[in-house]
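The structure appears below as structure tokens.
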Amino acid sequence: MNKLLVEKNSGSNIVIDIKGRRLGGKEKFIFSGPCAVEDYDSMIALGKRLKVLGVHGLRGGVFKPRTSPYDFQGLKEEGLEIMKRVGEELDMIVSTEIMDTRDVENSLNYIDIIQIGSRNMYNYSLLKEVGKTDIPIILKRGMSSTIKEWLYAAEYIMREGNEKVILCERGIRTFETYTRNTLDLNAVAYVKEKYRLPIIVDPSHGTGLRELVHKMSLAGIAAGADGLIIESHLKPEEAISDARQTISLDTLEGIIKSVKTMENIL
Ligand code: PEP
Ligand code: MN
């Protein structure tokens with residue numbers, strides 16, 4: 001690769017200012033929330049608790065890329081409204097996944113960050129479309145993508161003018177079956193060492209198992225991640241989607257405490 005925008009020699013390391021909070025700086029940035037937005041009441045109740053714990057950004061899917069077309073597909077427009085309302089009421093950053101180029105422009109009225117999901121990392125039309133906006137983009141790694149392909153996906157966004165790209169390592173598919181994915185922490189250390197983009201780790205999709213989320217959160221931070229994105233729920237077992245990897249707020253509180261300790265050590 002030569003003279004790419006993602007490379008260190010193309011500019012300084014990218015630090016993204018999101019509503020006055022900095023992602024990519026010294027402080028580790030924590031996103032949390034349900035896999036899927038379920039309704040306003042549960043989202044505001046969860047959001048209030050997350051804010052007290054010091055979570056920076058709320059996540060919650062409203063367009064859900066489910067493996068089965070018969071599974072819950074998300075609240076769509078209604079979900080966008082909920083995210084906006086909760087974000088405003090709690091003065092928190094909100095992020096959701098956008099899957100379709102036709103939803104990009106409208107989503108800007110509702111959210112602070114667009115997430116590109118693993119399944120869409122290769123959707124070059126979508127990458128170019130979000131590259132024309134000027135809001136931060138969380139770019140999840142394709143589940144079968146190499147680091148190189150992932151960086152080129154980031155490049156697709158950046159060359160349209162939007163350099164606010166946050167890479168997210170969410171695990172890749174390997175021959176292993178006991179865990180949902182294999183969280184590739186090599187990729188985190190590698191990207192931090194050689195490229196100028198911030199990177200966060202998703203230990204929820206990376207493992208698929210809530211009992212592993214605390215340990216792999218810390219492993220991600222140790223590998224150099226600038227933050228974490230973790231699925232949480234007031235009643236994890238009852239989450240509509242990805243319940244098995246969703247953690248309780250008690251667990252999340254413990255993780256945030258450990259991350260703070262690590263921040264000081266690092
Ligand atoms: C999600 O964040 O809920 C999600 C669908 O993630 P991924 O695209 O990494 O599978
Ligand atoms: Mn999920």
Side-chain angles (χ1 to χ4, degrees), residues 29-38 42-43 46 50 55 57-69 71-76 79-80 82-83 93-100 103 107 111-123 126-127 130 136-145 147 149-150 153-154 157 165-174 179-185 187-188 199-210 212-213 216-217 220 225 227-233 235-248 251-252:
F29 211 98
I30 314 286
F31 292 95
S32 192
C35 179
V37 176
E38 298 173 5
S42 62
M43 199 66 209
L46 177 67
L50 293 177
V55 166
L58 279 179
R59 63 145 288 148
V62 305
F63 300 102
K64 293 306 300 176
R66 303 304 297 277
T67 301
S68 164
D71 285 341
F72 177 60
Q73 302 287 308
L75 295 177
K76 307 187 178 78
L80 285 175
I82 292 172
M83 286 306 266
I93 293 159
V94 294
S95 163
T96 203
E97 174 172 355
I98 299 298
M99 298 202 294
D100 193 312
D103 292 320
S107 74
I111 53 176
D112 306 301
I113 302 179
I114 290 176
Q115 179 175 314
I116 300 295
S118 187
R119 291 157 192 79
N120 271 310
M121 191 210 82
Y122 292 106
N123 183 341
L126 184 61
L127 299 177
V130 300
I137 310 296
I138 292 177
L139 177 61
K140 289 199 152 196
R141 181 176 182 181
M143 58 187 79
S144 318
S145 92
I147 297 171
E149 289 164 343
W150 188 20
I157 299 172
V165 177
I166 305 151
L167 297 174
C168 176
E169 167 58 45
R170 49 78 73 204
I172 51 176
R173 276 201 175 160
T174 65
T179 50
R180 180 176 179 181
N181 288 294
T182 297
L183 191 65
D184 181 9
L185 296 178
V188 178
I199 181 165
I200 61 174
V201 163
D202 175 347
S204 308
H205 295 86
T207 64
L209 299 169
R210 72 169 67 87
L212 305 186
V213 168
M216 297 316 288
S217 293
L228 300 166
I229 181 162
I230 302 175
E231 288 182 342
S232 63
H233 197 282
K235 295 180 182 156
E237 291 83 5
E238 293 172 24
I240 289 185
S241 112
D242 284 350
R244 187 64 187 86
Q245 68 196 32
T246 298
I247 60 167
S248 68
T251 306
L252 184 66

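Every number for a ligand or one of its atoms is a count from 1 in the order of the listing. Just so you know, these numbers come straight off a predicted model, no measurement behind them.
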Nearest heavy-atom neighbours spanning T246 and P236
O-CB, 3.3 Å

Kindly say whether [Y] contributes a backbone atom to a donor-acceptor pair with the side chain of [X] at under 3.5 angstrom?
{"X": "S232", "Y": "I247", "answer": "no"}
{"X": "Q245", "Y": "A243", "answer": "no"}
{"X": "S241", "Y": "C35", "answer": "no"}
{"X": "R141", "Y": "M121", "answer": "no"}
{"X": "D103", "Y": "I98", "answer": "no"}
{"X": "R119", "Y": "G142", "answer": "no"}
{"X": "E169", "Y": "D184", "answer": "yes"}
{"X": "S204", "Y": "E231", "answer": "yes"}

Specify the protein heavy atom at minimum distance from [atom]: its residue, its atom name, and the distance to 0.1 Å.
{"atom": "atom 4 (C) of ligand 1", "value": "H205 NE2, 3.4 Å"}
{"atom": "atom 8 (O) of ligand 1", "value": "S118 N, 2.8 Å"}
{"atom": "atom 9 (O) of ligand 1", "value": "R170 NE, 2.7 Å"}
{"atom": "atom 2 (O) of ligand 1", "value": "R59 NH1, 2.7 Å"}

Give the contacting part of M143 toward ligand 1: side chain, backbone, both or neither, where contact means a heavy-atom distance below 4.0 Å.
neither

Output the list of atoms in ligand 1 that are nearer than 4.0 Å to some heavy atom of [X], sorted by atom number.
{"X": "K140", "answer": "1 (C), 2 (O), 4 (C), 6 (O), 7 (P), 8 (O), 9 (O)"}
{"X": "E97", "answer": "5 (C)"}
{"X": "G117", "answer": "8 (O)"}
{"X": "Q115", "answer": "1 (C), 2 (O)"}
{"X": "C35", "answer": "3 (O)"}
{"X": "E231", "answer": "1 (C), 3 (O)"}

May I ask you to check whether over 12 heavy atoms, not counting those of R173, lie within 6.0 Å of atom CZ?
no

The Mn ion (ligand 2) - closest N/O/S atom in [X]:
{"X": "D242", "answer": "OD2"}
{"X": "H205", "answer": "NE2"}
{"X": "E231", "answer": "OE2"}

Any R141 heavy atom less than 4.0 Å from ligand 1
no

When only distance counts, is D202 in polar contact with ligand 1, meaning an N/O pair under 3.5 Å?
no

